[in-house]
Amino acid sequence: MSTSEQGNDANRVRIFDTTLRDGEQSPGISLNRQEKLEIAQQLARLGVDVIEAGFPITSPGDFEAVQAIAQTVEGPVICGLARTSKQDIDAAWNAVKDSERPCIHTFISTSDIHIEHQLQTTREDVKGQALAAVAHAKQYLDDVEFSPMDATRADVEFTAEVVQIAIGEGATTINIPDTVGYAMPHEFGAFLGRLYELVPDLRRVTLSVHCHDDLGLAVANSLAGVLAGARQVECAINGIGERAGNASLEEIVMLLRTRRADVGLDTGLTTQELARTSRLVSRLTGYQVQPNKAIVGRNAFAHESGIHQDGVLKERTTYEIMDATTVGLQSNAIVLGKHSGRHALRQALEEMGFELDGQALNTAFKRFKEIADRKKTVTAMDLEALVTDELREEIPGYALDWFEVEASSRRPPHARVSVTLADGSTAEGTFTGDGPIDAVFQAIDAATGVGAKLSEFTIGAVTEGQDALGEVSVVVEVGGYTGAGQGVSTDIIDAAARAYLRALSVAAARSRAGDVVGLPETATP
Ligand code: KIV
Ligand code: ZN
């Protein structure tokens, strides 16, 4: 089934998730193949219609991640992004072709600002490139999406000409991006209305919208888009994406669900998976969700004022327009304690959708026991963090054996670590300086002989309470290669050391593979 066939139900809005493409373009985010695959599997569980898995021409790593997703993730359409050149489109096709439902998304700007200053070409050339790109993609597959980039700052008549050309060549979806987040909802709706007048054929294909949040209007503009007739919204989990990000997936989905009776439109998503998807993306990207973030923020369903608490206790709907359980919050039941056995762990994980056997189950059980010894109760959220942290396919590289830190307010902290290196040998390193975590990181650098630059460091707690698991995300740069890593532990220094070593291993693996992210020059289409 192609993306356009999925849109047959007139009241159904399809969700095109771009967390792994536009979202991954956020500064500091650097997901490896395994992490992208994990997010894609969860997006499939959430029930998104399309996963834009990446921009395959940009790096061998991105190509391989899109290919792995196309080969293994079942359910959603798997889409790869391409500029208009044959080189880009061939890379996108080769990456997505193993999917049961492949799609190529190609784009070129229609605004004069972009045509003159960025592309340094002419409107005629843009028309030619759009035609050639869609025609080339159609040689490979049916499902082709075309976007006139920066459309909301472009001449609507010219954009309509380009859209007509793309439809003429067989584009199945036309996506209108508000690339720089400049539009206002009434303008965006009017722009789409005018496009429908100028291009009657637009009614034969799926109209999609892709809004950025530079003025905080991405979700409002996406709503204006669907009210004007669009039946696909491009969005990202937690609203991540270029600059201020994309429309937040969870917000547009819950907006349509909560106001379904008034708007008359809905998506097909399993909304109970929203909170878990948000946590996974936050954990793997290191982008924390602000506490008051709509739908998935920690406080989105918390009531602080006495009047509100009183009202909710008497009748939930006095101050709640949604039930927290419909987005998968409050599913943090206590599941296990220190006397729970392997069988109970396996069953609890299975109920959460993680199927573990053999060595993976042994590793999980060992970590679970360590944590249960230090923490009275292990909740579903603890298990989720543990599984995301521990059971990911390990990148061959460095592993922490042990560490010691002496910290005092009277002397600089001193750290000593032992690390197993990629060849199986062990090495020790020491460092004295700054804070205890910095001392551990520098001691790891001394043990591994790698001089890394720390570019991101975030620290958080998995649940509430003094014995909560701590989680740390770091991004490092080693000789021009970035690597991200996460660590979870009851001890925050242990979590930080694990995260740092993983990030070093990823950066080292990237440098071995020569995986530099960047766009090659566009060849003539
Ligand atoms: O914002 C944008 O215009 C894009 C396009 C590639 C659709 O991300
Ligand atoms: Zn975008």
Side-chain angles (χ1 to χ4, degrees), residues 3 14-27 29 50-58 62 66 77 79-85 88-89 91-92 95-96 103-115 117-119 126 129-130 133-134 137 143-154 156 158-159 162-163 166 171-183 188 191-192 195 205-219 221-222 225 230 232-249 252 517-519 522:
T3 51
R14 289 182 308 136
I15 293 297
F16 177 112
D17 178 276
T18 188
T19 307
L20 295 174
R21 200 278 297 167
D22 211 319
E24 222 253 349
Q25 286 172 218
S26 314
I29 295 186
V50 187
I51 295 176
E52 188 168 45
F55 196 168
I57 192 81
T58 55
D62 214 36
V66 177
V77 169
C79 184
L81 184 67
R83 292 168 299 179
T84 50
S85 72
D88 275 44
I89 291 168
V96 299
C103 171
I104 294 176
H105 175 192
T106 183
F107 69 98
I108 188 161
S109 298
T110 54
S111 73
D112 290 330
I113 304 181
H114 281 206
I115 296 173
H117 301 291
Q118 188 183 14
L119 301 174
V126 165
Q129 288 198 41
V134 177
D143 204 357
V144 176
E145 171 169 319
F146 174 77
S147 295
M149 188 152 99
D150 203 22
T152 52
R153 292 193 301 165
V156 69
F158 176 62
T159 301
V162 178
V163 162
T172 44
T173 299
I174 295 295
N175 175 53
I176 304 299
D178 181 28
T179 303
V180 291
Y182 182 68
F188 193 51
F191 186 93
L192 298 179
L195 265 191
V205 300
T206 300
L207 178 63
S208 169
V209 290
H210 175 113
C211 300
H212 279 271
D213 208 31
D214 300 66
L215 293 173
L217 290 173
V219 172
N221 282 331
S222 304
Q232 175 173 289
V233 173
E234 300 200 356
C235 43
I237 299 292
N238 300 336
I240 60 173
E242 279 281 3
R243 307 179 311 280
N246 285 89
S248 147
L249 181 147
I252 188 76
V517 178
L519 289 166
T522 309

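Counting starts at 1 for both ligands and their atoms, following the listed order. When a residue number appears, it is its place in the shown sequence, counting from 1. We use all heavy atoms of the structure for the numbers below, so side chains are in, but hydrogens, waters and symmetry mates are not.
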Asker: Between ligand 1 and Asp150, is the shortest N or O to N or O distance under 3.5 Å?
Answerer: no
Asker: Mind reading off the angle at the Zn ion (ligand 2) between the NE2 atom of His212 and the NE2 atom of His210, rounded to 10°?
Answerer: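 An angle of 100° at the metal.
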Asker: Compare every heavy atom of Gly23 with every heavy atom of Ile29, then report the nearest pair and how far apart it is.
Answerer: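 Smallest interatomic distance, heavy atoms only, reads CD1-O, 3.6 Å.
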Asker: Work out which heavy atom in Val77 is nearest to a heavy atom in Cys103; give both atom names and the distance.
Answerer: CG1-CB, 3.5 Å
Asker: I'd like to know if Glu242 contacts ligand 1, where contact means a heavy-atom distance under 4.0 Å to any ligand atom.
Answerer: no
Asker: Tell me which part of Asp22 gets within contact of ligand 1: side chain, backbone, both or neither, using heavy atoms under 4.0 Å.
Answerer: side chain
Asker: Tell me whether His212 has any N or O atom under 3.5 angstrom from an N or O of ligand 1.
Answerer: yes
Asker: Flag Asp22 as yes if one of its N/O/S atoms falls below 2.8 Å of the Zn ion (ligand 2), otherwise no.
Answerer: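 Looking at Asp22, which is the residue asked about, there is an N, O or S atom under 2.8 Å from the Zn ion (ligand 2).
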Asker: Once you round to the nearest 0.5 Å, how far does CD1 of Ile89 lie from OG1 of Thr84?
Answerer: 6.5 Å
Asker: Do His212 and Asn246 come close enough that some side-chain heavy atom pair is under 4.5 Å?
Answerer: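 Yes; the side chains approach each other to less than 4.5 Å.
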Asker: Step by step, would you call Ser208 with Asn175 a side-chain hydrogen bond (donor to acceptor under 3.5 Å, both in side chains)?
Answerer: CA-CA 4 Å; Ser208 169; Asn175 175 53; 2.8 Å; yes
Asker: Distance to 0.1 Å, residue and atom name: give those for the protein heavy atom nearest to atom 3 (O) of ligand 1.
Answerer: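 Protein heavy atom with the smallest distance to atom 3 (O) of ligand 1: Thr179 OG1, 2.6 Å.
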Asker: Pick one of side chain, backbone, both or neither for how Glu52 approaches ligand 1, counting any non-hydrogen atom pair under 4.0 Å.
Answerer: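 For Glu52, there is no contact with ligand 1 at all, from either part.
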Asker: How close does the nearest protein non-hydrogen atom get to atom 6 (C) of ligand 1, and which residue and atom is it?
Answerer: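 The answer is Arg21 NH2, 3.6 Å.
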Asker: Got an N/O contact under 3.5 Å between Asn175 and ligand 1?
Answerer: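 In fact, backbone or side chain, Asn175 has no N or O that close.
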Asker: Verify, without hydrogens or angle tests, whether Asp214 (side chain) and Ala244 (backbone) share a donor-acceptor contact under 3.5 angstrom.
Answerer: no
Asker: Give, for atom CD1 of Ile176 and atom CD of Gln232, the distance between the pair rounded to the nearest 0.5 Å.
Answerer: 11.5 Å
Asker: Between Val205 and Ala171, which heavy-atom pair has the shortest distance, and what is it?
Answerer: CG1-O, 3.4 Å
Asker: To which protein heavy atom is atom 4 (C) of ligand 1 closest, and what is the distance rounded to 0.1 Å?
Answerer: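 Minimum-distance protein heavy atom for atom 4 (C) of ligand 1 reads His210 NE2, 3.5 Å.
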Asker: Could an N or O of ligand 1 be found under 3.5 Å from any N or O of Glu234, whether backbone or side chain?
Answerer: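 No: no nitrogen or oxygen of Glu234 is under 3.5 Å from one in ligand 1.
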Asker: Please confirm whether His105 comes within less than 3.5 Å of ligand 1 when only nitrogen or oxygen atoms on both sides are compared.
Answerer: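 It does not: no N or O of His105 is found under 3.5 Å from an N or O of ligand 1.
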Asker: How far apart are the closest heavy atoms of Asn221 and Phe188, and which atoms are they?
Answerer: O-CD2, 3.2 Å
Asker: Near Met149, which atoms of ligand 1 are under 4.0 Å from a heavy atom of that residue?
Answerer: 3 (O)
